[in-house]
Amino acid sequence: MSVAGQLLILQLVVFTVVAIVAGALIVVDERRDADEATRRSVTDIAVTAALFPEVADGLISPDPTAALQPRAEQIREATGVDFVVVVNPEGIRVTHPVPEQIGLPYTGHTDEARSGTPFTETYTGSLGPSIRTIAPVYDDGTLVGFVSVGVTRERIAENFVRSLPGILGLVAAGLVVTAAGGYLIARRLRRQTLGLNPDQLRRMYEHHDAVLHSIGEGLLVFGTAEDSPRVDVVNDEARRLLGLPPTGPVPFDTLPETLRELALTGEARDEVHLTRDRTLVVNSDAVNWNGRRIGTVVTLRDHTELRSVLGELDSVRGFAESLRAQAHESANRLHTIITMVELGRPEEAVAFATQELAVSQHLIDRLTSAVHEPALSALLLGKIDEAAERGVELTVTDDTELGPVPIPARDIVTLVGNLIDNAIDASHASDDPWVEVTVRQEDSSMIVEVADSGPGMSPEVLARAMQRGYSTKSEQRGLGLALVVQVVARHGGTLRTEPSLGSMIVAEIPLGGTS
């Protein structure tokens, strides 16, 4: 049976028991109230009748029965009680609803009434069990008799039985309302639990929990409450990739801004999202139910190592292209020199060779003396040849100078190499492509400035690129800049554009605060 069905039955059983107990308590309370109301009624009638002057006069008359019997019956019929009995001081009845009982002793207690106080009791008399009150009658301060007024238990029971349909109707109405409410609650619960029983729900939860812990991708499920998304599900891998606490709920505001945007906007396919330490490939799908959007599912794949390897592969490919270009150029120069020698012009061949060697050697000497990191020097020399091969003039400015810095050579090569690659790609947008590179130290910071002849990047585009990645070549999905952003963030630096200087990106890393 479904959870909703079990809940409905449980509610009906509980509420039925509650209604029956409540009905029984109402019956007991009604019975007690009926007895109390009868006591008050007979007391008031007895005390009032004892105060009538004709009662006292009748008791002291020669024939009390003839004087008082009609009056007593009149009072009984008018008030609806079962008996009004007048008793003389000796305890002998002088009136009674049953004439045969007149002249017989009164069967109740009169001691308290003789002391001047009306007395109420439940007593079995000539008419059966009854609630009765006996009140003293005085004539000029002298006790001349008593008036007893009572209602039999039978009459009280009859009155009570007549009130039972109302009580039972109230209990039945409560049961009907309870059943209707229970049915509505059960129907709503059945809709929310999809009609599953507890075992099915437990197995579903166990399978759900096992899947969340076993899948290798990060998983986030956002629920939507109008315009206030919430994080409903986050698995272990997503917590690791996003640096979230290993347990506990995840507040929506603690997630990266780009993921919060996806929770609101919906679908994404293989988007690159950047965190401080990781490059994530994100996919997102809206979840719809009965034509209504109920949430968003986001998956995260860690491409940090892959992007790093691809970056190194691009660097190696660049070096290979540079070596190929140098080999090609060297072959051309060698053929030129050999031909000049064969033509009998050795002096001109030597001059040509030494001139080319001097230009290259001067650049090599300048970079190796100004830049203390060999990997950076080799990178800059290689990029100059690569740029020339691609028809771009790459210049390393004269103020380039970098001493020993506490930054791994790998990060420096990633930072500078990818900025130059992006600049070379962007410079082809102009008719005269060029790139200018400066690497220097300033106020305990390493500053890398890369300018190009391309269209440039606005501060807004750069800010978005630092979260999503960016590239002038859409198929790369911002790989180069993604790696640059991670290096800068890892070392506590900043990345900005300089619109006043044209198309220029500046990376600044504090040398005393690297992580």
Side-chain angles (χ1 to χ4, degrees), residues 243 256-259 261 271-280 303-304 307-308 310-312 314-315 373 375-376 379-380 383 394 396-397 399-400 402 405-427 435-474 476-515:
E257 181 180 353
T258 56
L259 294 182
E261 291 177 2
E271 285 189 357
V272 174
H273 289 237
L274 306 178
T275 66
R276 176 183 173 85
D277 301 315
R278 299 185 182 279
T279 302
L280 304 176
H303 276 210
T304 305
R307 298 296 185 181
S308 178
L310 289 176
E312 293 181 1
D314 284 345
S315 297
E373 177 53 63
L376 179 58
L379 174 71
L380 292 174
K383 290 300 181 183
L394 192 153
V396 179
T397 61
D399 58 345
T400 293
L402 186 66
V405 294
I407 301 176
R410 175 179 176 177
D411 287 350
I412 295 177
V413 169
T414 298
L415 172 64
V416 177
N418 282 288
L419 286 177
I420 293 175
D421 288 341
N422 285 349
I424 292 174
D425 292 337
S427 67
V435 175
E436 187 175 271
V437 181
T438 301
V439 182
R440 70 178 190 275
Q441 286 180 248
E442 181 179 298
D443 298 332
S444 301
S445 295
M446 182 183 77
I447 298 177
V448 179
E449 298 174 343
V450 179
D452 61 70
S453 58
M457 201 185 309
S458 67
E460 293 77 15
V461 173
L462 178 63
R464 183 167 181 81
M466 293 177 69
Q467 295 177 327
R468 294 286 185 93
Y470 174 84
S471 176
T472 56
K473 299 186 293 181
S474 60
Q476 291 189 0
R477 299 188 182 275
L479 170 61
L481 192 56
L483 297 174
V484 168
V485 169
Q486 285 189 332
V487 170
V488 171
R490 187 158 54 243
H491 294 279
T494 59
L495 192 67
R496 66 181 186 275
T497 61
E498 293 289 350
S500 60
L501 301 178
S503 177
M504 176 183 287
I505 291 183
V506 179
E508 182 175 351
I509 296 178
L511 299 178
T514 59
S515 58

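All values below come from the heavy atoms of this structure, side chains included, with hydrogens, waters and symmetry mates left out.
Under the 4.5 Å side-chain criterion, counting only non-hydrogen atoms from C-beta, Val437 is not in contact with Thr400. Residues Arg496 and Glu508 meet the side-chain proximity criterion, which asks for heavy atoms closer than 4.5 Å. Residues Leu379 and Leu376 form a side-chain contact, since some pair of their non-hydrogen atoms from C-beta on lies under 4.5 Å apart. Gln441 is listed as a side-chain neighbour of Val405, based on a closest heavy-atom distance under 4.5 Å.
Val413 approaches Ala375 most closely through the heavy-atom pair CG2-CB, 3.8 Å. The minimum heavy-atom distance between Ser503 and Gly454, with the atom names listed, is CB-O, 3.5 Å. Here the closest non-hydrogen pair linking Ala426 and Asp452 is CB-OD1, 4.1 Å.
In this structure, the separation between CG on Leu380 and CD1 on Ile420 is 5.5 Å, given to the nearest 0.5 Å. His491 contributes atom NE2, which lies 8.5 Å from atom CG of Leu415 (distance to the nearest 0.5 angstrom). Distance check: Leu419 CG to Ile424 CD1 gives 11.0 Å after rounding to the nearest 0.5 Å. For the atom pair OG1 (Thr438) and CD1 (Ile447), the distance works out to 10.0 Å, reported to the nearest 0.5 Å. The CD atom of Glu436 sits 9.0 Å away from atom CD of Glu449, with the distance rounded to the nearest 0.5 Å. For the atom pair CD1 of Ile407 and CD1 of Ile509, the computed distance is 4.5 Å after rounding to the nearest 0.5 Å.
For the residue pair Ser445 / Asp443, no side-chain donor-acceptor distance below 3.5 Å is found, with atom types taken as modelled.
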